[in-house]
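When a ligand or atom number is given, it counts from 1 through the structure's own listing order. Numbers here are sequence positions counted from 1.
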Amino acid sequence: MPAEIIDGKKISSEIKENLKGKLENLKKKGILPGLAAILVGDNPASQVYVNMKTKACEEVGIYSEVYRYPRELPESDLLKKIEELNQKKSIHGILVQFPTPEQISEEKVILAIDPKKDVDGFHPFNVGMMLAGKPTFLPCTPLGIQELLIRSGNDPSGKHVVILGRGSLVGRPLAPMLFQKAKGANATVTVCHTATKDLASLTLQADILIAAMGKAKFVTADMVKPGVVVIDVGTNRIEDPSTKSGYRLVGDVDFDSIKEVAGAITPVPGGVGPMTIAMLLSNTVKACEMQSRDRSTD
Ligand code: GUN
């Protein structure tokens with residue numbers, strides 16, 4: 001039987017509908033959450049992501065500002081802008097779209113953002129709180145994956161989750177999020193990476209397989225066990241002359257063959273991507289609520 005398709009678009013719409021209710025309540029108190037997005041350079045994928053993020057803000061009723069800079073922007077100018085936004089009362093969340101051009105250190109950018117406005121969950125303070133089991137802001141893609149698993153009826157508790165990739169945006173934060181003793185987690189987690197030997201022997205043990213290594217169609221049907229739940233985080237552009245743009249997006253797993261073996265699978269696009277955006281909105285509302293509380297007790 002072909003796998004159930006886990007519809008990230010539908011699940012993210014449900015989350016956005018819930019947020020609309022929260023935003024209505026905040027509006028009654030005269031509070032409007034605000035997000036500032038910064039994009040440096042003209043990376044086409046980053047432009048698309050930032051546009052999708054601000055469009056989603058508009059859709060649910062979050063105020064947003066976008067700052068677009070040429071790729072030569074000096075690092076000091078960016079850090080100055082971040083400091084200005086740290087102080088700005090109408091802005092509760094700050095996001096600098098990565099990757100940044102090479103003259104800009106992503107580490108310095110992350111450290112410059114006030115942890116209270118770090119809606120990406122990248123600041124070492126927020127990472128540390130997560131590792132201590134006291135999460136503040138969790139990174140949007142890992143959080144979206146966890147929500148997707150829970151809301152699709154695939155709670156990771158007690159399952160063997162195998163993560164492919166240890167990148168800073170997905171694999172590295174996701175592993176401790178899923179093995180902590182908490183609701184929607186409590187899994188046994190294996191992280192595979194470039195030095196892992198006999199990868200298939202590990203992927204074949206997965207109850208839940210999360211592919212986040214950025215290699216188009218890397219995981220094939222012979223690498224998974226029947227009934228596995230597959231979360232595909234990959235968004236790889238491959239040439240396709242039959243499309244208007246000349247390319248199409250494919251994931252890190254070979255969807256067509258794996259859907260015949262898996263129990264459930266996320267599509268690309270329409271799986272993890274919309275969840276990342278929904279979690280960014282959710283983190284922005286959370287940041288606003290926390291800052292409003294702080295200000296009312298000042
Ligand atoms: N680039 C790719 N994913 C992300 C993300 O989640 N946040 C930011 N800021 N940049 C990214």
Is any NZ, NE, NH1 or NH2 atom of the basic residue among Glu239 and Arg248 found under 4.0 Å from an Asp or Glu carboxylate oxygen of the other? no
What part of Phe122, side chain from CB on, backbone N/CA/C/O, both or neither, has a heavy atom under 4.0 Å from ligand 1? side chain
Quick one: nearest non-hydrogen protein atom to [atom], plus distance?
{"atom": "atom 1 (N) of ligand 1", "value": "Phe98 O, 2.9 Å"}
{"atom": "atom 11 (C) of ligand 1", "value": "Gln97 NE2, 3.4 Å"}
{"atom": "atom 5 (C) of ligand 1", "value": "Asp120 OD1, 3.8 Å"}

Intermediate values then yes/no, side-chain hydrogen bond (donor to acceptor under 3.5 Å, both in side chains), Gln291 and Lys89: CA-CA 9 Å; Gln291 286 161 49; Lys89 294 258 192 299; over 6 Å; no
For atom 3 (N) of ligand 1, which candidate among Thr100, Val170, Ile38, Leu169 provides the closest heavy atom? Leu169
Can you confirm whether more than 12 heavy atoms, excluding those of Lys22, are under 6.0 Å from its NZ atom? no
Show me the side-chain donor-acceptor pairs of residues 174-192 shorter than 3.5 Å, one per line, residues at least two apart or across chains.
from	atom 1	to	atom 2	distance (Å)
Gln180	NE2	Met177	O	3.2
Thr190	OG1	His160	NE2	2.7

Can you name the residues that form a side chain to side chain donor-acceptor pair (under 3.5 Å) with Thr276, not counting sequence neighbours? Thr141
Numbered in order shown, the ligand 1 atoms found under 4.0 Å of a heavy atom of Val96 are 8 (C), 9 (N)
